[in-house]
Protein chains: 2
Amino acid sequence: MGHERRKPVTLLEVAAKAGVSRMTVSKVLREVGSISDDTRQRVRQAAQELGYLPNSLAGSLSSRKSQMVAVIIPSISDIVFSEVLSGVNSVLRPTGFQTFIGESGFEPETETELIRAMLSFRPAGILMNGGMARSADAEGLLARRNCPAIQLWDCDRRALDFSAGPSHEEAGRLVANHFIERGLRRIAYVGAELDKDLCARRRYLALNASLAAAGIDLLSVTCEDRPRQAVTGRFLTEQLVREHPEIDAIHFLNDAMALGGLSYLHEAGFPVPERISVVGFNGTSLANAVRTRLSTIDVPRTAIGEKAAQALLQMIEDEDVPEFWQAPLVLVQGNTTAAA
Amino acid sequence: MGHERRKPVTLLEVAAKAGVSRMTVSKVLREVGSISDDTRQRVRQAAQELGYLPNSLAGSLSSRKSQMVAVIIPSISDIVFSEVLSGVNSVLRPTGFQTFIGESGFEPETETELIRAMLSFRPAGILMNGGMARSADAEGLLARRNCPAIQLWDCDRRALDFSAGPSHEEAGRLVANHFIERGLRRIAYVGAELDKDLCARRRYLALNASLAAAGIDLLSVTCEDRPRQAVTGRFLTEQLVREHPEIDAIHFLNDAMALGGLSYLHEAGFPVPERISVVGFNGTSLANAVRTRLSTIDVPRTAIGEKAAQALLQMIEDEDVPEFWQAPLVLVQGNTTAAA
DNA sequence: GGAGCTAATGTTATCGATAACCTAAGCTTA
DNA sequence: TAAGCTTAGGTTATCGATAACATTAGCTCC
């Protein structure tokens, strides 16, 4: 099964087989223009028999149109993103647009190359996560793009043509109030890679500011060189309670880290929520799988993707679109924080 | 910030600005041919100042070459895949190839459209997960592709030009032997979506066969309409032990489901491993985050991606490549199965 | 000193489609 | 019945690059 097969079939070959011109084949396959039923049949059959696959390079070059929508995300392993993407796809798919994904790995250099690569195919639109430090080259590429561009996951700092996402500042404030209402005052924050994920950093800063306004000092335990996953949550929590056994509430960067932290707290004999309250972020289904129902902030991820895709379609149609859509946030009370 | 910007800059404009022909610009930017340092400078600067971005549609169409590598995966939320992909990228990136990802959502229909869309851009290569039911159209498209194609994640059933992945049958046998060696005889399997994930199904069948050979009946609890995640593992385990409290070992489809199951077992008062042994599959970092260190089968995911990418590069260079690479599997003994 | 190189650049054809316009036949309709 | 419209299809130019070959000037070298 070699791959050095014959040259792919072109319109010309289909045309020859069907006994018509290339243009006629093109019209039949795109269902434009007026073609008799008889010809239509012959062309379809010829294309089918030859296994004709249109060449999008030629097609898009010529028509200056594309069915490709580029999506660039920091990490495909971040569970968070998959639902945003499925929201995007659920709206885009029925319209015939195809989503092509690029993964930047949180590296600005890689992200820049991805933007360059994707834009060089002149996509119909581009969606990218907000909250990343972007290189100057990337900004330049985006500034000169000739398609609509949408920022996902961030609504505090608007960018590109449309932003769909939560206010991370609001999220930070929600958690702060949640703790304050419950009379918790020795509060810690556990996170990782805050230098890369600026959205998470903004949540942290808002939490910090809200607590400060209430006269509370926030203790933070973070590291930049470990993944934002359960293992890291567990590791940092261990470090935290060893040095500060007095704390009575922890907010984690995300649910995965919170679960890691919880596992350590149980093991080390810190009852949750009696002794320490825990709040995560995201509302991933993960959160309800363990015996504890994690208190967390639920983010409507699918809706974010849907709104983004809808806005994209409208912009492609040259319709007017608002500047942003702010995703509603809900702090879901589980059993890792005591009732107020 | 509208998106209906001016027409993108073309080679011709750069050429005019630099006072040379298009061909010269093309050669400078691709670093081929011989061009004087002076001209090279002027062209580079002109391109820079105009913000020239090559049009890959035109470039690839003309040269019949591409820097794009297509990857089609069933689900980006499946943690498993992210590491395979990072292995792929670590090899491909330095060579200048760009990975474009498509997500099929386990739907053959969607997968077919993705294959069509990606192949229509004439990529340098295509990588796809094995173990999915593929539509006839998809097979046709793949048969007529004119680039190397590689199957990931499955090495039992070889397909395309190269296969990189574990033997899922071996995995099933490993688990069976693990249980048998420990004298466990009331064994259950918990999984989901086995109709879609044929690799998982093959593990299950091998487990079943190996146990049968030892005179053991395997009890299986599965469902097709729930995700292969922790919640489902928990739900099915609850159902399992309610109806069959006598079982003494469970193999889960993956680690996520195993963790969900574990949480229920703890809660329901089934000590692990004293009363019930548990084995997962994958060796995700998740496995070590909770108090229990899950016994599981470690799959070298990054290596799979690397081998696949290396094979792809070799095929692009027209070098000979073996038919497959079988990923070594290790059953990692945690503390959810008692020592033999 | 001219045949033969090499280096630096330009010309032309082509990749595989689509846009925009054109043509011829058949049909209305006043 | 001739102007005018439809229908079905074809022609030509173009999209933005690259491959392959052509050209020109300066140099080498016997």
Fill in: B:Ile35 versus B:Val32, closest heavy-atom pair with distance
CG1-O, 4.5 Å
Discussion item. Show the nearest heavy-atom pair for residues A:Cys155 and A:Gly165, with the distance to one decimal.
Written reply: CB-O, 3.2 Å
Fill in: Gap between atom OG of A:Ser26 and atom CD of A:Glu31 - 0.5 Å precision
12.0 Å
Worksheet item: Could you go step by step and tell me if B:Ile126 and B:Ile150 meet the side chain to side chain contact (heavy atoms under 4.5 Å, CB included) rule?
Response: CA-CA 6 Å; B:Ile126 182 167; B:Ile150 288 180; over 6 Å; no
Worksheet item: When you look at CD of A:Gln45, are more than 12 heavy atoms from neighbouring residues, nucleotides or ligands closer to it than 6.0 Å?
Response: no
Worksheet item: Below 4.0 angstrom, N of the basic side chain to O of the carboxylate: do B:Asp161 and B:Arg145 qualify?
Response: yes
Please state how far atom [atom1] in [X] lies from atom [atom2] in [N], giving the value in whole angstrom units.
{"X": "B:Leu29", "N": "C:dT9", "atom1": "CG", "atom2": "P", "value": "14 Å"}
{"X": "B:Leu12", "N": "D:dC15", "atom1": "CG", "atom2": "P", "value": "10 Å"}
{"X": "B:Arg122", "N": "C:dG16", "atom1": "CZ", "atom2": "P", "value": "8 Å"}
{"X": "B:Glu13", "N": "D:dG16", "atom1": "CD", "atom2": "P", "value": "9 Å"}
{"X": "A:Leu11", "N": "C:dA19", "atom1": "CG", "atom2": "P", "value": "12 Å"}

Fill in: 4.5 Å side-chain heavy-atom contact, A:Met128 and A:Leu152
no
Practice prompt. Indicate yes or no for a side-chain donor-acceptor contact from A:Gln151 to the backbone of A:Asp154 under 3.5 Å, with no hydrogens or angles considered.
Written response: yes
Discussion item. For the backbone of B:Asp38 and the side chain of B:Gln41, can you confirm whether one donor and one acceptor N or O come within less than 3.5 Å of each other?
Written reply: no
Discussion item. Run the ring pair (Phe, Tyr, Trp, His ring centres under 6.0 Å) test on A:Phe121 and A:Phe100 for me, step by step, so that the C-alpha distance in whole Å, both residues' side-chain angles and the decisive distance to 0.1 Å come before the verdict.
Written reply: CA-CA 11 Å; A:Phe121 282 97; A:Phe100 286 17; 8.2 Å; no
Practice prompt. In sequence, state the C-alpha distance, the side-chain angles, and the governing distance for A:Phe162 and A:Phe324, and then conclude on ring pair (Phe, Tyr, Trp, His ring centres under 6.0 Å).
Written response: CA-CA 5 Å; A:Phe162 181 83; A:Phe324 67 98; 7.9 Å; no
Discussion item. Side-chain N or O of A:Lys7 versus OP1/OP2 of C:dC15: is the shortest distance under 4.0 Å?
Written reply: no
Worksheet item: Using a cut-off of less than 4.0 Å, is there contact between a side-chain N or O of B:Arg64 and OP1 or OP2 of D:dA17?
Response: no
Worksheet, complete the sentence: Each nucleotide of nucleotides 4-12 of chain D classed B (base within 4.0 Å of a protein heavy atom), S (only sugar-phosphate) or -, in 5' to 3' order, makes ---SBBBB-
Item to complete: Note down the inter-axis angle between the two ends of the helix from C:dG1-D:dC30 to C:dA30-D:dT1, five pairs each, to the nearest 10°.
Response: 40°
Worksheet item: Which residues in residues 47-63 of chain B have at least one heavy atom lying under 4.0 Å from any atom of DNA chain C?
Response: B:Leu61, B:Ser62
